[in-house]
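What follows is one structure encoded as structure tokens, with my remarks underneath.
Chain naming here is simple, since letters A, B, ... match the order of the sequence lines and numbering starts at 1 in each.
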Amino acid sequence: MAVKYTIPRGTFDILPEKSYIWNYIKHVFAKTAMEFGYKEIVTPIFEKADLFERSVGDTSDIIQKEMYKFKDNKQRTFALRPEGTAPVVRSYVENNMQANGGLQRLYYMGPMFRYDRPQKGRYRQFYQYGVEAIGSNHPYVDAEVIALQYAFLKRLGLKGIVLEINSLGNKASTEGYNKALRDFYEPHKEEICGDCIARLEKNPRRLLDCKVPTCKEIAAVAPVMIDYLDDECKEHFEAVQIYLKAMDVEFKINPRIVRGLDYYTHTAFEFLNNKLGAQNAVGGGGRYNGLVQQIGGKESPGIGFAGGFERLILSLEQEELFMGNEPGPDVYAVILGDKALVKGSELMQKLRALDVKIEYDPIKVSMKAQMKTANKVNAKYALIIGENEIDNNAYVLKNLDESTQDSLTESELLEHFNK
RNA sequence: GUGGCUGUAGCUCAGCUGGCAGAGUACAUGAUUGUGGCUCAUGUUGUCGCGGGUUCAAGUCCCGUCAGCCACCCCA
């Protein structure tokens with residue numbers, strides 16, 4: 001079909017039949033976050049580009065090739081946000097939330113943008129939900145944030161998702177580890193793939209999960225991050241695990257977890273659905289103790305996570321958790337003729353005032369077509385309004401599930417729905 | 001950004017070595033003069049993704065392009 005205007009590549013419309021499930025997920029997330037004491041924060045869709053360049057890290061692909069950058073009329077460079085943490089931290093610093101003291105618990109939802117080649121579960125405009133807890137380095141907070149996302153996924157009914165955690169240590173241990181990795185790989189330079197040679201420079205941790213067989217063999221005996229943690233980092237990581245167990249959160253330690261953004265330190269975690277194919281990360285996050293300072297605030301430790309709506313919906317569909325369809329109307333009005341429609345309009349309006357969800361479709365003319373539609377939209381009742389009913393003040397209310405019907409006067413009808 | 005597969009009715013898809021564009025489903029009408037779901041009958045729906053080329057003739061072959069999917073990459 002040749003349509004004149006088509007949607008931009010890597011974007012999608014949320015059509016009415018899907019918007020119900022989107023709203024449902026948003027609702028469940030907001031509810032879960034609020035139970036943990038998190039409050040919503042809404043930041044703009046675009047920010048100054050250098051906010052991301054400085055925080056996310058200028059070596060990452062997200063900044064190097066995936067950011068939607070543009071100049072406004074005054075030649076200032078902005079970017080559509082590629083992720084949610086930097087804007088929240090910017091707002092935290094700019095609004096001096098530190099002055100409130102204590103821990104700030106924030107949640108957000110909204111579209112993010114990355115210029116990448118689309119495939120299933122990967123879009124150029126995609127929707128994330130996430131939280132940030134800023135102001136404490138206590139390992140309980142790490143566990144709380146993880147437990148929140150865990151609770152959210154459980155509440156949606158998802159079973160096929162596993163949680164993996166890791167510690168990336170502090171800056172010193174990360175640097176030490178990266179050096180150890182580079183030293184280890186140096187003598188193997190001839191044997192590893194081209195991608196891995198680039199990783200050696202750019203992001204040595206990624207060497208560990210290369211899929212090329214020869215690289216895999218080498219990676220299997222490469223040094224592991226956990227051995228490079230100092231005592232403080234180790235203690236923190238162990239404490240997180242104790243709290244997670246206390247909160248009955250199931251997890252697995254995976255020393256190979258790498259996060260895509262440069263600002264992560266200490267705890268890192270991922271929720272994976274391995275039935276999803278290549279794009280299997282349903283959500284993930286980690287601690288970012290240096291980020292607030294980097295963005296210009298007083299040093300303040302933080303941790304957060306983000307997850308994608310699209311992969312969540314794919315997972316729900318896969319596990320056949322369709323959350324039910326949108327409920328049908330309470331009443332479908334079967335109105336026979338234009339004369340009856342005048343009284344019908346009046347009646348429908350009176351019922352709506354009683355909070356009754358009522359639909360009518362003037363395109364369907366015959367009674368048969370209207371009854372059929374009432375059935376199709378899954379209405380509980382069909383209300384028949386014809387000239388006979390109006391003349392006799394006796395309206396037929398048919399219960400479509402039970403196939404029973406009663407004849408009611410207008411006041412009886414309103415009484416029936418006045419609960 | 002790299003490689004591969006696919007694009008035909010609203011949806012799912014068939015269409016062979018070029019020869020009248022199809023099925024199921026959905027939708028509409030009727031069987032049932034004002035009562036839905038089941039059944040049966042009849043009917044409507046197409047720039048065959050788009051542009052070009054080869055040919056008497058292209059949904060089919062060739063080139064280009066756009067889009068989706070799969071893998072890499074990256075990550076949500």
Side-chain angles (χ1 to χ4, degrees), chain A residues 1-12 15 17 56 59-66 81-85 109-130 149 161 193-196 198-199 202-203 206 209-212 215 257-261 270-273 276-285 305-315 328 332 334-337 340 363-389 396-405:
Chain A
M1 168 198 11
V3 207
K4 194 169 175 189
Y5 296 107
T6 55
I7 197 164
R9 185 166 198 204
T11 67
F12 54 90
L15 299 174
E17 58 269 26
V56 176
T59 59
S60 73
D61 280 5
I62 293 176
I63 299 311
Q64 289 219 308
K65 38 184 220 203
E66 295 177 9
R81 61 183 185 194
E83 59 105 33
T85 300
M109 288 182 260
M112 307 291 164
F113 306 83
R114 291 181 203 169
Y115 185 90
D116 199 350
R117 188 146 157 189
Q119 67 185 70
K120 200 187 203 82
R122 184 165 81 186
Y123 301 92
R124 290 182 175 177
Q125 172 170 343
F126 57 102
Y127 291 75
Q128 286 194 332
Y129 59 89
Q149 190 168 17
I161 290 178
C193 69
D195 283 333
C196 278
R199 289 179 178 120
K202 225 176 72 180
N203 199 348
R206 291 248 177 247
D209 53 18
C210 184
K211 280 149 196 156
V212 176
C215 298
I257 288 180
V258 186
R259 300 259 69 219
L261 317 177
E270 277 178 0
F271 287 86
L272 304 171
N273 178 352
L276 240 40
Q279 310 303 323
N280 66 346
V282 173
F305 70 71
F309 273 54
E310 297 81 5
R311 293 177 192 182
L312 212 51
I313 289 175
L314 287 172
S315 303
Y332 188 91
V334 175
I335 298 176
L336 302 163
I363 289 175
K364 312 283 177 180
V365 178
S366 75
M367 179 163 202
K368 185 189 170 83
Q370 294 191 68
M371 287 301 294
K372 235 178 168 165
T373 308
N375 193 53
K376 206 180 70 184
V377 299
N378 211 7
K380 281 190 210 82
Y381 294 98
L383 175 62
I384 298 167
I385 304 169
E387 284 176 41
N388 294 344
E389 282 75 7
V396 175
L397 184 68
K398 178 161 186 173
N399 182 320
L400 291 168
D401 294 327
E402 290 161 24
S403 274
T404 54
Q405 61 182 49

Nearest to the side chain of [X], heavy atoms from C-beta on, is which of [options]?
X	options	result
A:Lys364	B:G34, B:C27, B:C73	B:C27
A:Arg9	B:A67, B:G34, B:U35	B:A67
A:Met371	B:U35, B:C72, B:C73	B:U35
A:Arg199	B:C72, B:G34, B:C74	B:C74
A:Lys120	B:A76, B:C70, B:A28	B:C70

With side chains defined as the heavy atoms from C-beta onward, is the minimum distance between [X] and [Y] less than 4.5 Å?
X	Y	value
A:Met109	A:Tyr127	no
A:Gln405	A:Leu397	no
A:Gln119	A:Gln279	yes

Item to check | Whether A:Arg311 side chain and A:Val282 backbone form a donor-acceptor pair below 3.5 Å | outcome: no
[N] [atom2] sits how many Å from [X] [atom1], rounded?
X	N	atom1	atom2	result
A:Lys368	B:C27	NZ	P	13 Å
A:Phe113	B:C74	CZ	P	24 Å
A:Ile7	B:G68	CD1	C1'	13 Å
A:Ile257	B:A76	CD1	P	12 Å
A:Asn375	B:C27	CG	P	11 Å
A:Gln405	B:G36	CD	P	11 Å
A:Tyr332	B:G37	OH	P	14 Å
A:Leu400	B:G37	CG	C1'	10 Å

Next on the checklist: Checking A:Lys65 now: which residues fulfil salt bridge (charged side-chain N to carboxylate O under 4.0 Å, His left out) with it, not counting sequence neighbours?
Outcome noted: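 Once residues adjacent in sequence are excluded, the partners of A:Lys65 under the salt bridge (charged side-chain N to carboxylate O under 4.0 Å, His left out) criterion are A:Asp61.
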Next on the checklist: The criterion is salt bridge (charged side-chain N to carboxylate O under 4.0 Å, His left out); which residues satisfy it with A:Glu270, sequence neighbours excluded?
Outcome noted: A:Arg259
Checklist entry - Are A:Ser315 and A:Asn273 close enough that a side-chain donor and a side-chain acceptor fall under 3.5 Å? => result yes
Considering every strand and a 4.0 Å limit on heavy-atom distances, what is the contact class for [X]: base, sugar-phosphate, or nothing?
X	answer
A:Tyr123	base
A:Gly285	nothing
A:Gln370	nothing
A:Gly130	nothing
A:Ile384	base
A:Glu389	base
A:Ala278	base
A:Val334	nothing

Please measure how far the [atom1] atom in [N] lies from the corresponding atom in [M], and state the result in whole Å.
N	M	atom1	result
B:G52	B:U12	C1'	31 Å
B:C69	B:U17	P	29 Å
B:C61	B:G19	C1'	15 Å
B:G46	B:U6	P	27 Å
B:G59	B:A14	C1'	12 Å
B:A9	B:A21	P	15 Å
B:U8	B:G15	C1'	9 Å
B:C16	B:U55	P	23 Å

Checklist entry - Hey, is A:Phe309 stacking on B:A76? Ring centres under 5.5 Å, planes under 30°. => result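 Answer is no, no stack.
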Which donor-acceptor pairs under 3.5 Å do the side chains of residues 371-384 of chain A make with protein atoms, sequence neighbours left out?
unit_1	atom_1	unit_2	atom_2	d
A:Thr373	OG1	A:Ala369	O	2.8
A:Lys380	NZ	A:Asp330	OD1	2.9

Item to check | Polar pair under 3.5 Å, donor/acceptor by atom type, side chain A:Ser366, base B:G34 | outcome: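 Side chain to base: no pair below 3.5 Å.
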Checklist entry - Checking only heavy atoms, does the side chain of A:Lys398 share a donor-acceptor pair with the base of B:U35 at less than 3.5 Å? => result yes
Item to check | Rounded distance (nearest 0.5 Å) linking atom CD1 of A:Ile335 with atom CE of A:Met367 | outcome: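 Answer rounded to 0.5 Å: 11.5 Å.
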Short heteroatom pairs, N/O only, protein and nucleotides 1-5 of chain B, under 3.5 Å:
unit_1	atom_1	unit_2	atom_2	d
B:U2	O4	A:Arg117	NE	3.4
B:U2	O4	A:Arg117	NH1	2.9
B:G3	O6	A:Arg117	NH2	2.8

Checklist entry - Mapping A:Lys376 and A:Glu310 to their closest nucleotides on RNA chain B, which lands nearer the 5' end? => result A:Lys376
Checklist entry - So which one's nearest nucleotide on RNA chain B is more toward 5', A:Thr11 or A:Gly308? => result A:Thr11
Checklist entry - When A:Ile62 is tested against each of A:Arg114, A:Glu83, A:Met112 for side-chain contact (heavy atoms from CB on, under 4.5 Å), which residue passes? => result A:Arg114
Item to check | Contacts of A:Tyr129 that satisfy ring-ring contact (aromatic ring centres under 6.0 Å, His included) - sequence neighbours left out | outcome: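 A:Phe29, A:Phe152, A:Phe309.
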Next on the checklist: Between A:Arg124 and A:Phe113, does the side-chain contact (heavy atoms from CB on, under 4.5 Å) criterion hold? Intermediate values first, please.
Outcome noted: CA-CA 5 Å; A:Arg124 290 182 175 177; A:Phe113 306 83; over 6 Å; no
Checklist entry - So, is A:Lys372 near the phosphate of B:C27, with a side-chain N or O under 4.0 Å from OP1 or OP2? => result no
Checklist outcome for this item: Here RNA chain B, pairs taken as Watson-Crick or G-U under 3.5 Å and shown with ( ), [ ] when crossing and | when to another strand, reads (((((((..((((.....[..)))).(((((.......))))).....(((((..]....))))))))))))....
